[in-house]
Protein chains: 2
Amino acid sequence: MQDQPPAPRVSTLEDVALVAGVSRASVSRVVNGKPGVAEHIVDAVNAAIARTGYVPNRAARALVTRRSGTVLVVVSGTDTSRSGPWGPGEVLADPFFGRLAGGLMSSLAPRDVHPVLMLAVTDDDHARVVSYVREGSADGVLLVSAQAGDPLPQLLTDAALPVVLFSRPDHPLALSYVDVNNRAGGAMAARRLVERGCRSVGIITGPLDIPGAEDRLVGFREAMADHGVAFVPTAAGTFSVESGSAAMGELLDQGVDGVFASNDNMAVGAILAAQDRGLTVPDDVAVVGFDDSTSALMCRPALTTVRQPIETMAAEMAGLLLERLEDPDMRPRAAIFDPTLVERGSA
Amino acid sequence: MQDQPPAPRVSTLEDVALVAGVSRASVSRVVNGKPGVAEHIVDAVNAAIARTGYVPNRAARALVTRRSGTVLVVVSGTDTSRSGPWGPGEVLADPFFGRLAGGLMSSLAPRDVHPVLMLAVTDDDHARVVSYVREGSADGVLLVSAQAGDPLPQLLTDAALPVVLFSRPDHPLALSYVDVNNRAGGAMAARRLVERGCRSVGIITGPLDIPGAEDRLVGFREAMADHGVAFVPTAAGTFSVESGSAAMGELLDQGVDGVFASNDNMAVGAILAAQDRGLTVPDDVAVVGFDDSTSALMCRPALTTVRQPIETMAAEMAGLLLERLEDPDMRPRAAIFDPTLVERGSA
DNA sequence: GTCGACCCAGAGAGCGCTCTCTGGCTGCCG
DNA sequence: CGGCAGCCAGAGAGCGCTCTCTGGGTCGAC
């Protein structure tokens with residue numbers, strides 16, 4: 001019987017050390033760019049690395065450094081029970097999430113930190129998130145929570161695990177987060193609609209137990225009040241396209257000629273609903289969205305919308321987490337970003 | 001000066017063993033559910049685990065088992081240089097990717113395998129992907145390549161690393177992949193348009209150096225030929241909404257009354273372009289898409305489209321990779337799925 | 001010329017786990 | 001009642017790395 005070919009064992013520090021004729025420690029120093037190594041040793045080691053095709057083993061490194069070099073990106077609170085024909089991927093399919101993930105990746109990648117993705121819906125999932133960090137598989141958590149009353153932020157801070165949130169938690173917690181100035185955004189939408197000459201404006205809100213959705217409503221209302229409008233017709237949505245259409249129906253019945261939808265998905269739904277009734281956007285009814293997601297360009301007229309600088313916010317999220325990992329005593333910090341109005345055709 | 005509080009060291013196997021009054025080996029056996037452990041020991045260990053709040057350290061386990069329990073999900077060939085206002089996140093924002101990621105996650109999660117996400121554009125990125133697996137950070141690669149001539153599949157097979165592709169590689173390679181029967185899909189679209197009574201149908205293709213795009217064209221053409229139509233007006237797109245609009249313009253100039261767009265994004269673009277010209281869809285011109293992504297519902301009329309069972313395909317991808325990890329000698333396999341026609345309003 | 005200070009390479013321990021191997025015990029057969 | 005097989009717990013090595021600690025060598029100062 002023929003022998004198995006010798007296992008194609010990848011080379012280790014030891015191998016490199018042997019080839020270079022130096023000690024393991026020296027190779028380690030060179031690999032990690034530590035100072036205080038004589039030049040001829042550095043050269044010898046680099047040559048040996050090239051010859052052996054050495055790649056450091058991350059598990060071994062992680063074992064001793066207690067750093068995995070990865071972070072958990074958790075999307076929490078997706079109620080799969082009401083997920084549509086596209087299944088649990090629906091959250092991920094949300095253009096909003098795409099921008100976020102992109103921003104995260106481009107600020108994580110250069111620092112050689114890798115994101116692992118996790119969806120957290122059930123209590124089991126929540127436990128899994130905590131375990132994953134506790135077992136050292138990830139150094140911290142970047143959490144985007146699409147749900148009110150999400151227990152995860154609390155769970156994570158209780159376990160003293162490093163975490164940064166996208167958007168303000170629904171009750172005060174000692175953790176860092178990034179958010180957009182939602183009230184300012186709501187006010188921008190109001191101003192736009194008023195300046196356009198709309199006489200009767202309404203708002204399609206998101207789920208009001210989500211702080212951001214609430215803030216957009218408040219900002220919008222206050223700005224309308226400043227313009228002398230005391231009452232604003234309101235219809236509640238769930239941030240989905242269909243809910244936007246439904247809410248728009250209600251508002252249209254009340255005779256509005258301008259609508260602020262609290263996100264782009266609902267704005268798209270609103271436009272479709274208006275057009276289904278034979279109305280023209282923006283002449284019969286103007287629509288302003290929120291987010292500036294890719295869906296803003298997928299409808300006619302294209303959406304006028306309050307843009308969140310999501311990529312920048314995502315980068316800041318990553319930055320806050322990485323900073324916290326460097327300095328465990330860092331005090332939690334909130335980073336609030338200003339929205340801008342992107343003018344397209346819908347209002 | 002006051003002492004630091006003792007480091008809140010998480011408990012290890014050793015600690016559990018001490019508490020349970022057994023050896024490390026026994027604890028390990030219990031934790032991993034190995035058979036042949038006396039019941040009273042199992043109980044003692046479980047009690048000790050509960051008391052100590054023990055969580056196994058993954059790095060240590062990975063070091064000896066040479067299995068990381070994670071896989072790399074690589075999206076390759078995103079040309080960031082031509083990325084739009086939404087930056088590199090644009091790929092991720094593609095609804096198509098959302099469905100894929102969702103499918104992957106839901107079949108990986110129950111097997112306790114975690115996906116880490118990576119974008120690969122430059123040569124550096126490609127090297128990074130290979131390194132990541134070679135350094136043991138991931139056990140294999142799930143690759144979705146949005147680009148023709150992507151070197152990554154070749155690179156990965158050359159390095160004998162486990163990899164599964166989404167969609168057939170552009171030249172034969174010894175690796176497993178999943179794909180949809182693109183020709184059958186193209187034929188479905190053709191049949192639909194013909195049965196609707198369209199007299200002059202055209203096609204908006206994707207980049208033809210991508211095998212799938214080519215196949216959709218071929219299948220479409222052949223089916224049209226079967227119906228006695230020898231010539232099909234063609235306009236090339238890039239799978240983006242805008243390219244769909246542009247291509248639709250060309251086709252409309254040639255007087256088509258039915259169009260097959262090779263993906264949903266372009267179909268949406270096509271509908272918008274038609275409507276911009278004052279045409280009604282589907283009466284003046286019918287449009288069939290491909291994918292059945294979430295964007296199919298974001299336009300009016302909603303898209304009639306050739307649906308890919310992406311979630312199923314993603315699950316199969318994961319399955320093929322996991323199987324390969326179990327059995328290194330597994331022969332590469334292709335899994336081809338049948339598309340279905342989803343009838344909505346646009347054709 | 002001698003001693004101390006300093007610098008840098010190597011030796012070696014140990015991170016937390018798995019797994020093989022050893023050895024004690026039980027039980028059954030002769 | 002002795003011996004052998006079988007079973008199961010424990011001992012211990014070792015996965016590949018980092019990092020402290022040691023010690024040899026060099027140089028400057030007295």
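Small disclaimer: the values here were computed from a predicted structure and weren't measured. The sequence lines fix the lettering, A, B, ..., with proteins before strands; numbering per chain opens at 1.
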(request) With sequence neighbours excluded, tell me which residues meet salt bridge (charged side-chain N to carboxylate O under 4.0 Å, His left out) with R134(A). (result) none
(message) Quick one about D15(A) and T52(A) (side-chain donor to acceptor, distance below 3.5 Å, no hydrogens or angles considered), yes or no?
(response) no
(message) Tell me which one of L142(B), T312(B), V73(B) satisfies side chain to side chain contact (heavy atoms under 4.5 Å, CB included) with M317(B).
(response) L142(B)
(request) Sequence neighbours left out, what passes side-chain contact (heavy atoms from CB on, under 4.5 Å) with A109(B)? Give chain and number order. (result) none
(message) Heavy atoms from C-beta onward define the side chain here; which of dA9(C), dG16(D), dA9(D) lies closest to that of N57(A)?
(response) dG16(D)
Distances for protein N/O vs nucleotides 23-28 of chain D N/O pairs under 3.5 angstrom?
none

(message) Can you see whether D179(B) engages S167(B) through a side-chain donor-acceptor pair at a distance of less than 3.5 angstrom?
(response) no
(request) Taking atom CZ of R67(B) as the centre, report whether more than 12 heavy atoms of other residues, nucleotides or ligands fall under 6.0 Å from it. (result) yes
With 3.5 Å as the limit, what N/O pairs link the protein to nucleotides 22-28 of chain C?
none

Which protein N or O atoms sit under 3.5 Å from an N or O of nucleotides 12-15 of chain D?
residue	atom	partner	partner atom	Å
dA13(D)	N6	R24(B)	NH2	3.0
dC15(D)	O3'	R66(B)	NH2	2.6

(request) Go through N32(B) and R61(B) one step at a time and tell me if the side-chain contact (heavy atoms from CB on, under 4.5 Å) criterion holds. (result) CA-CA 11 Å; N32(B) 295 293; R61(B) 181 177 290 174; 3.6 Å; yes
(message) Do the side chains of E323(B) and R111(B) get close enough for a salt bridge, i.e. N-O under 4.0 angstrom?
(response) no
(message) If you compare every side-chain N and O of K34(A) against the phosphate oxygens of dC19(D) (OP1, OP2), does one of them come in below 4.0 Å?
(response) yes
(request) Evaluate the side-chain proximity of M313(B) to L100(B): yes if any heavy-atom separation is below 4.5 Å, no if none is. (result) no
(request) Could you list by number each residue of residues 36-54 of chain B showing a heavy-atom separation from DNA chain C of less than 4.0 Å, or answer none if no residue does? (result) Y54(B)
(request) Using only side-chain N and O atoms of S28(B), determine if any of them is under 4.0 Å from OP1 or OP2 of dT18(C). (result) yes
(message) Does a side-chain N or O of S23(B) approach OP1 or OP2 of dA11(D) to a distance below 4.0 Å, or not?
(response) no
